[in-house]
Number of protein chains: 2
Amino acid sequence: MANIADVAKAAGVSASTVSYVLSGKRTISKETADRVHRAIREMDYRPNAGARALASARTNIIGLVVPLRAGQNVPVVMEFVAAVVTRARSHDHDVLLLTQDEGVDGLRRVAASALVDALIVMDVQAKDPRLTALRSLDTPAVLIGVPERSTGLSAVDLDFAAAGSRAIEHLAELGHRRIGFIGQPPKVYERGTGYAERLLTGLHTAAAEHDVTLSVAPCESSMAGLRASVTQLLDEQPGLTALIVHNESVLPALREVLLERERRLPDDVAVVAICPDDMASSHGIDYTNIAIPADELGTAAVDMVMSRLPGKNSAETRLLAPDLTVRDTTPDLKAR
Amino acid sequence: MANIADVAKAAGVSASTVSYVLSGKRTISKETADRVHRAIREMDYRPNAGARALASARTNIIGLVVPLRAGQNVPVVMEFVAAVVTRARSHDHDVLLLTQDEGVDGLRRVAASALVDALIVMDVQAKDPRLTALRSLDTPAVLIGVPERSTGLSAVDLDFAAAGSRAIEHLAELGHRRIGFIGQPPKVYERGTGYAERLLTGLHTAAAEHDVTLSVAPCESSMAGLRASVTQLLDEQPGLTALIVHNESVLPALREVLLERERRLPDDVAVVAICPDDMASSHGIDYTNIAIPADELGTAAVDMVMSRLPGKNSAETRLLAPDLTVRDTTPDLKAR
DNA sequence: CCACATCGTCGAAGCGCTTCGATTCTCGGG
DNA sequence: CCCGAGAATCGAAGCGCTTCGACGATGTGG
């Protein structure tokens, strides 16, 4: 395996010149650069990553902490991971995968051993024990999901409050005044998951503004759970005409469960789903939805973390505006 | 940040002694080792990964190539990834994520720059262009999925031929003699995907042995696709009494589509699914299934690749025996 | 009681790269 | 015509670790 000295010899220059050709950190004449590039190509030279890391104190690796426990939102996680890897590569970085289970120790380990230049942490809870650890590290980090206190840390997320408002607003415009909300499983709320709560805030705010009566029901991710939630909502508001669903795993069964209660979708009950786009249109009926833009989030996270690499660029919180796509589950009532 | 020299000084020994305490490659007296460990703890010392890699020519990182394009089998991929990461950690290794898109170049890049010690490549096709590249590298590799020619490379997969036989056998034992097979989308077969073909081989072999008439239909992953396949199978064998389904994404709709053709599941048509366990029992009815053991595959892949790390241990192909779990979709006909 | 392993430890030589002066040469302005 | 600035390149000093050979001390068998 060729090393930088071999290349230098072949090109008739010193090793440092080869290094500068590669990094562009000093000016090198065109002719020299060409000779070096030719030598590199001929010898199929690739700088040794370890040596590079040692000498430059940069590994060009981003650590990505992923919730790998099996759950409903696996496809979203995957899409997100894909976006991060792709974007990282376009910044000439690789991605090291860490699991949630490694917890605080895992973060410390990879940061302290200088294995990674930066960290992206998914699925951040409102009060996340990892936050203090991250603050004490001098490895830049970006959180996916906004915690209660994000001081000193960068974070990016969908603007769930705006998403909640947008959903209500859309339904209100169509004339709906009695709306039910089917949420995440109860334990998500108990855990204090920021996004779930922010969504609720947005819903309530907009409901008040638009003179909408809103009933809320958390929902287990099962047929039985869905039945229970629907029952609860219909008990509270027998006349409800629309649902907002923030639980992608109940979408497949929703139509059937509504039929059991003699409500047809979308004629008797309109639905706005908050879910990734590809989940919106793969259940026989195409749901009007507000997208969870995993792709954009991943891309944004990488960009943010990269911008903080050199100096201590200041932390920022970025909320992506919600995007509502009208499909078949929210027909225009007035058009009849 | 403390380095090995600081630790050595604090413990009153030389740097090499600290190194040997950490690696255990030479005998160190208990007292000295204790002093060193104490110093390490007190200073919260972590060896620098880059320096280690440079000096030892080992990064303790495994490269994992994952098909990140959105597809039906995302949950399986994820489970697999989780298993790999977990197992790698228990061997004191981390996992670097690479996408399929990086292709041959990606493999060359990480191997030649000595970023990874070993490679695990998922979703290997029968004739995979990456195979030659992998052979030419001197980075050990393990393939998930057995290609046509696996000379010189290690591979691990479910024994799909045995799985096919097992499914037929189970149904035959229950008295079924007319069986239909619902497969993957046509393009999977066109692509020459080894496992899909091996499954077919197993099915046909066992069908011949057990005097079973078998009809085969590839199946697009959609409601429409499923209807088409079911229609095809019923045209070929109006009297079929059982289905083998190797397409997890049609499981949710299967019962409904069969009802459209006036067949009740499982009374009129028994079903064996070939799918991960958790997909078998999350569709209202619990499918009898042969598991796709993503977890075991991932674990095995890591173990295999680790065993090849030191010298050039010889390559091996490992086929995991299929495991059929009887649930509600293959009732015992005789028991009536 | 000596030759000789064995144990426990140390010092030094790298591993392959980046980066910081230093050096040489060229050129334009005063 | 001289000086200073900039361009282009080199040499050498690390970066923090592993590992090899060496060495004193201790134990062991003849």
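Every chain is numbered from 1, with letters handed out A, B, ... down the list of sequences.
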Participant: Can you list every pair that meets salt bridge (charged side-chain N to carboxylate O under 4.0 Å, His left out) and has a residue in residues 78-87 of chain B, with sequence neighbours left out?
Facilitator: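 For residues 78-87 of chain B: Arg87(B)-Asp303(B).
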Participant: Show me the donor-acceptor pairs, under 3.5 Å and distance only, between side chains in residues 18-26 of chain B and residues at least two apart or in other chains.
Facilitator:
| residue | atom | partner | partner atom | Å |
| --- | --- | --- | --- | --- |
| Ser23(B) | OG | Ser19(B) | O | 3.3 |
| Ser23(B) | OG | Lys25(B) | N | 3.3 |

Participant: Atom CG in Asp159(B), atom CG in Leu320(B): separation rounded to 0.5 Å?
Facilitator: 8.5 Å
Participant: Quick check on contacts: within residues 21-45 of chain B, what sits under 4.0 Å from DNA chain D by heavy-atom distance?
Facilitator: Lys25(B), Arg26(B), Tyr45(B)
Participant: Quick one: how far along DNA chain C does chain A reach, first to last nucleotide 5' to 3', anything under 4.0 Å to a heavy atom?
Facilitator: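 Going 5' to 3' along DNA chain C, contacts run dG16(C) to dA22(C).
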Participant: Would you find a donor on one side and an acceptor on the other, under 3.5 Å apart, between the side chain of Asp6(B) and the backbone of Asn3(B)?
Facilitator: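 Answer holds: yes.
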Participant: How would you label the contact of Ser56(A) with the nucleic acid (heavy atoms, under 4.0 Å): base, sugar-phosphate, or nothing?
Facilitator: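 The residue Ser56(A) makes sugar-phosphate contact but no base contact.
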Participant: Strictly below 4.0 Å, N to O, side chains only: are Asp34(A) and Arg38(A) in salt-bridge contact?
Facilitator: no
Participant: Here's a test of your reading of the structure: between Ile4(A) and Ser16(B), which maps to the more 5' nucleotide of DNA chain C?
Facilitator: Ser16(B)
Participant: Does Ala126(B) have any side chain to side chain contact (heavy atoms under 4.5 Å, CB included) partners at least two apart in sequence or in another chain, and if so, which?
Facilitator: Glu148(B)
Participant: Going by ring-ring contact (aromatic ring centres under 6.0 Å, His included), name the residues that satisfy it together with Phe160(A), two or more places apart in sequence or in a different chain.
Facilitator: Tyr195(A), His246(A)
Participant: Evaluate the side-chain contact (heavy atoms from CB on, under 4.5 Å) criterion for residues Phe80(A) and Ile292(A): first the C-alpha distance (whole Å), next the side-chain angles of each, then the deciding distance (0.1 Å), finally the verdict.
Facilitator: CA-CA 10 Å; Phe80(A) 182 83; Ile292(A) 295 186; over 6 Å; no
